[in-house]
Amino acid sequence: MNPAVRRQTIADVLHRSACRLPGKTAIVCGPVCWTYAEFDALVSRLAAGLHRIGVGEGDKVAVLARNSHGFAALRFALARRGAVLVPINFMLKAEEVAYILRHAGARTLATDSGLATLARDAAALDTRVGQFIWLPSEDPGEPVGGMHSFDDLASCTDPLPETGIQGTDLAQIVYTSGTESSPKGAMLTHDAVLWQYVSCVINAGIAEEDRTLHALPLYHCAQLDVFFGPAIYIGSSNVITGKPTPDHLLALLEQHRITSFFAPPTVWIALLRSPLFDPGRLGHLAKGYYGASIMPVEVLKELASRLPAVRLWNLYGQTEIAPLATMLAPEDQLRKPGSCGKAVLNVETRVVDDEMRDVKPGEVGEIVHRSPHLMLGYFNDPERTAAAFAGGWFHSGDLATIDEEGYISVVDRKKDMIKTGGENVASREVEEMIYRLPAVSEVAVIGLPDPKWVEAVTAVIVVKAGQSLTEAEVMAHCSEHMAHFKAPKRVVFTESLPKNPSGKLLKRELRQRYAPA
């Protein structure tokens with residue numbers, strides 16, 4: 001039997017939607033509007049163009065670009081060619097981007113006009129990148145010289161060779177911050193991503209009649225794989241923007257009669273605070289989603305009051321599980337405030353102690369998962385892969401409680417991750433940067449509640465005797481060498497850091513000590 005007869009890959013779900021709904025609007029981005037049939041045909045031509053420039057099955061292709069129709073098409077063209085997507089956070093510095101390029105072994109880097117300089121600077125830092133692809137942006141612009149043009153590649157009429165790619169093959173490597181200073185590459189197969197699509201469709205109510213606005217970065221697995229991918233799978237219409245400012249988002253929500261929208265709490269708060277916010281102009285919006293951090297209860301109440309027709313979902317997970325793991329349904333938003341809900345359709349989730357025993361209601365334990373959504377492991381990192389899957393379950397690193405009804409609430413993080421403005425920041429990475437300052441004796445980086453960022457990166461520093469250091473110096477040092485969202489928003493100086501008898505730093509005590517009144 002020809003293996004293609006039973007194949008189901010990320011590229012196949014687009015083609016099947018195009019067969020079902022050829023004339024339906026699939027993609028809108030600025031002046032660009034593609035039907036499903038047009039989108040599918042363009043993706044095939046683009047995949048042939050990738051083949052023409054030497055991109056082969058299993059090759060790693062990095063993407064450093066803002067949201068656009070070009071990014072959307074490249075995502076599916078890479079899957080159709082059998083290549084591996086490596087999306088990169090465009091807020092990183094050149095040396096941080098270069099680490100990912102080197103670690104993944106990417107030879108091709110796709111970028112847009114606004115990020116071309118960063119892309120070239122990063123590629124020059126001892127990477128294997130030998131060619132660039134220019135992607136068009138939301139606003140029309142000219143291709144960047146010295147790069148393969150998206151338009152040229154997407155005009156390729158060469159026959160696309162049949163690939164041997166199956167669902168069990170690698171589709172993407174998504175880099176995630178951990179407690180270690182170096183990010184980890186989560187390897188996700190087509191099967192893992194597609195099983196996750198099914199959970200999203202069922203548990204998040206993604207439907208064919210949705211008109212969805214995709215405004216959060218597509219480099220992030222939440223927007224890419226919880227919303228954009230499932231929307232293509234089910235046949236929704238999709239509006240894409242790379243300009244997620246509150247006023248622009250409000251205009252798009254009204255103009256395109258958007259019915260479904262995802263954003264972290266920080267963006268929902270910004271929309272509510274915009275002078276242009278007018279509930280009467282958002283009458284089509286029916287589904288609202290948030291994640292990355294817990295929505296403050298007062299904001300939930302305000303949303304319910306000002307947008308009473310909008311049903312809200314809280315979606316929790318992480319990159320390693322593609323990324324959806326649990327869901328808090330609309331009817332539970334105010335009944336279970338602060339909870340991330342229960343496991344979704346294709347996930348089994350427990351809260352366990354250090355001996356892998358289920359904790360009792362109200363006790364703190366670690367969230368662990370079993371699911372076909374899960375990654376194969378961390379790319380070229382067998383040691384951290386083994387640790388993550390110890391005991392036959394995937395260890396999330398998040399500490400939580402579970403109540404009598406089975407609802408989970410995250411209370412702390414073993415991995416000590418700070419979730420600020422929808423981005424993950426590893427505290428140890430920031431600490432190591434601050435330790436480069438000669439005057440620093442000890443430092444602990446924590447996340448503190450903040451009305452804008454939800455969690456603000458906060459550095460608590462002990463200065464060496466006889467030396468001096470200012471908040472401005474710390475902030476300037478971090479901003480120079482790290483992405484803006486990683487740099488501390490607040491610096492506190494103290495005589496000593498709290499520790500237990502074995503010398504372990506007590507960050508929970510610091511969070512309590514410096515929490516806003």
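Numbers for residues simply follow the sequence, beginning at 1. In what follows, every heavy atom counts, from backbone to side chain, and hydrogens, waters and symmetry copies are set aside.
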Item to check | Side chain to side chain, Pro330 and Leu312, heavy atoms closer than 4.5 Å | outcome: no
Next on the checklist: Closer than 3.5 angstrom, by distance alone: can the side chain of Trp453 be matched with the main-chain N or O of Lys489 as a donor-acceptor pair?
Outcome noted: no
Item to check | Separation of Ile133 CD1 from Leu64 CG (nearest 0.5 Å) | outcome: 13.0 Å
Checklist entry - With distance as the sole test, does Lys24 use its side chain to make a donor-acceptor pair with the main-chain N or O of Tyr36 at under 3.5 Å? => result no
Checklist entry - Within a radius of less than 6.0 Å around CH2 of Trp34, do more than 12 heavy atoms belonging to other residues, nucleotides or ligands occur? => result yes
Item to check | Lys/Arg-Asp/Glu bridge criterion (N-O < 4.0 Å) met for Asp225, Arg75 | outcome: yes
Next on the checklist: Between Gln333 and Tyr290, do the side chains contain a donor N or O and an acceptor N or O under 3.5 Å apart?
Outcome noted: yes
Checklist entry - So Lys243 and Glu138, side-chain contact (heavy atoms from CB on, under 4.5 Å) or not? Walk me through it. => result CA-CA 9 Å; Lys243 298 181 287 188; Glu138 186 173 355; 3.7 Å; yes
Checklist entry - Taking all atoms of both residues into account, what is the closest heavy-atom pair of Ile173 and Pro87, and its distance? => result O-CD, 3.5 Å
Checklist entry - Between CD1 of Ile367 and OG of Ser409, what distance do you get to the nearest 0.5 Å? => result 9.0 Å
Item to check | Closest contact, heavy atoms only, Gly288 versus Val310 | outcome: N-CG1, 3.6 Å
Checklist entry - With a 3.5 Å cut-off and no angle check, do the side chains of Ser44 and Arg80 form a donor-acceptor pair? => result yes
Checklist entry - Does any non-hydrogen side-chain atom of Lys486 lie less than 4.5 Å from one of Val457? => result no
Item to check | Step-by-step side chain to side chain donor-acceptor pair (under 3.5 Å) determination, Ser274 to Asp247 | outcome: CA-CA 7 Å; Ser274 170; Asp247 293 353; 2.8 Å; yes
Item to check | Heavy-atom side-chain contact between Thr111 and Leu135 under 4.5 Å | outcome: no
Checklist entry - Does one side chain, of Thr349 or His369, offer a donor that lies under 3.5 Å from an acceptor on the other? => result yes
Checklist entry - Between Gln223 and Asn67, does a side chain to side chain donor-acceptor pair (under 3.5 Å) hold up when you go through it step by step? => result CA-CA 10 Å; Gln223 191 72 72; Asn67 290 7; 5.6 Å; no
Checklist entry - Distance-only, no hydrogens or angles: does the Glu254 side chain make a donor-acceptor pair with backbone N or O of Ala251 under 3.5 Å? => result no
Item to check | Phe39 side chain reached by Thr35 side chain, heavy atoms, under 4.5 Å | outcome: no
Next on the checklist: Within this structure, what is the CG-CD distance for the pair Leu345 and Glu348, rounded to the nearest 0.5 Å?
Outcome noted: 12.5 Å
Next on the checklist: I need the Ser260 OG to Arg311 CZ distance, nearest 0.5 Å.
Outcome noted: 11.5 Å
Checklist entry - Given Phe71 and Ile240, is the side-chain contact (heavy atoms from CB on, under 4.5 Å) satisfied, shown in steps? => result CA-CA 10 Å; Phe71 193 136; Ile240 298 172; over 6 Å; no
Checklist entry - When rounded to the nearest 0.5 angstrom, what is the spacing between CD in Glu320 and OG1 in Thr176? => result 5.0 Å
Item to check | Least distance between heavy atoms, Val410 atom then Tyr316 atom | outcome: CG2-CE1, 3.9 Å
Checklist entry - Are any of the side-chain heavy atoms of Glu208 and Leu21 separated by less than 4.5 Å? => result yes
Item to check | For the student: nearest non-hydrogen atoms of Ser199 and Val344, plus distance | outcome: CB-CG2, 3.8 Å
Checklist entry - Is there a donor in the side chain of His248 and an acceptor in the side chain of Thr241, or the other way round, less than 3.5 Å apart? => result yes
Next on the checklist: Looking at Ser339 and Ile408, would you say the former's side chain and the latter's main chain have a donor-acceptor pair under 3.5 Å?
Outcome noted: yes
Next on the checklist: Is it the case that the side chain of Thr420 and the backbone of Glu423 share a donor-acceptor pair, with hydrogens and angles ignored and the cut-off at 3.5 Å?
Outcome noted: no
Checklist entry - Any idea how His103 and Phe379 line up, ring-wise: parallel (<30°), tilted (30 to 60°), or perpendicular (>60°)? => result perpendicular
Next on the checklist: Is the ring pair Phe262/Phe227 parallel, tilted or perpendicular, if the boundaries are 30 and 60 degrees?
Outcome noted: parallel
Checklist entry - With the threshold set at 4.0 Å, does a side-chain nitrogen-carboxylate oxygen contact exist between Asp403 and Lys336? => result yes
Checklist entry - Do Lys287 and Phe261 pass the side-chain contact (heavy atoms from CB on, under 4.5 Å) test, and can you show the C-alpha distance, the side-chain angles, and the key distance before you say yes or no? => result CA-CA 6 Å; Lys287 301 174 185 178; Phe261 177 62; over 6 Å; no
Item to check | cation_pi(Arg335, Tyr407) dist<6.0 Å, angle<=45 | outcome: yes
Item to check | Polar side-chain atom of Tyr289 near backbone of Ala204 as donor-acceptor pair, under 3.5 Å | outcome: yes
Next on the checklist: More than 12 heavy atoms of other residues, nucleotides or ligands under 6.0 Å from NE2 of His15: yes or no?
Outcome noted: no
Checklist entry - Can Arg370 be said to sit on top of Phe394's aromatic six-ring, NZ or CZ under 6.0 Å from centre and within 45° of the ring axis? => result no
Checklist entry - Any sub-3.5 Å donor-acceptor pair from Asp210's side-chain atoms to Thr212's backbone N or O? => result no
Next on the checklist: Is any side-chain heavy atom of Met356 closer than 4.5 Å to one of His395?
Outcome noted: yes
Checklist outcome for this item: In terms of heavy-atom contacts, Leu92 and Ala483 come closest through CA-CB, 3.9 Å
Checklist entry - Hey, mind stepping through Ile27 and Val239 against side-chain contact (heavy atoms from CB on, under 4.5 Å) and telling me if it holds? => result CA-CA 6 Å; Ile27 302 292; Val239 177; over 6 Å; no
Item to check | Spacing of Leu224 atom CG and His214 atom NE2 [to the nearest 0.5 Å] | outcome: 10.0 Å
Item to check | Heavy-atom check, side chain of Leu194 versus side chain of Gln8, under 4.5 Å | outcome: yes
Checklist entry - Just wondering, do Tyr175 and Lys184 contact through their side chains at under 4.5 Å, heavy atoms? => result no
Item to check | salt_bridge(Arg273, Glu302) N-O dist < 4.0 Å | outcome: yes
Checklist entry - Are Arg7 and Asp12 ion-paired here, with the side-chain N under 4.0 Å from a carboxylate O? => result yes
Checklist entry - Would a distance-only check, ignoring hydrogens and angles, find a side-chain to backbone donor-acceptor pair under 3.5 Å from Asp169 to Gln166? => result yes
Next on the checklist: When you measure from the side chain of Lys342 to the backbone of Glu405, do you find a donor-acceptor pair of N or O atoms at a distance under 3.5 Å?
Outcome noted: yes
Checklist entry - What heavy-atom pair brings Leu271 and Leu249 nearest, and what distance separates the two atoms? => result CD2-CB, 4.1 Å
Checklist entry - Got a donor-acceptor contact below 3.5 angstrom from the Arg45 side chain to the Ala154 backbone? => result yes
Checklist entry - Given Ser427 and Lys507, is the side chain to side chain donor-acceptor pair (under 3.5 Å) satisfied, shown in steps? => result CA-CA 11 Å; Ser427 63; Lys507 288 194 173 181; 3.1 Å; yes
Item to check | Ser371 versus Asn346, side-chain donor and acceptor atoms under 3.5 Å | outcome: no
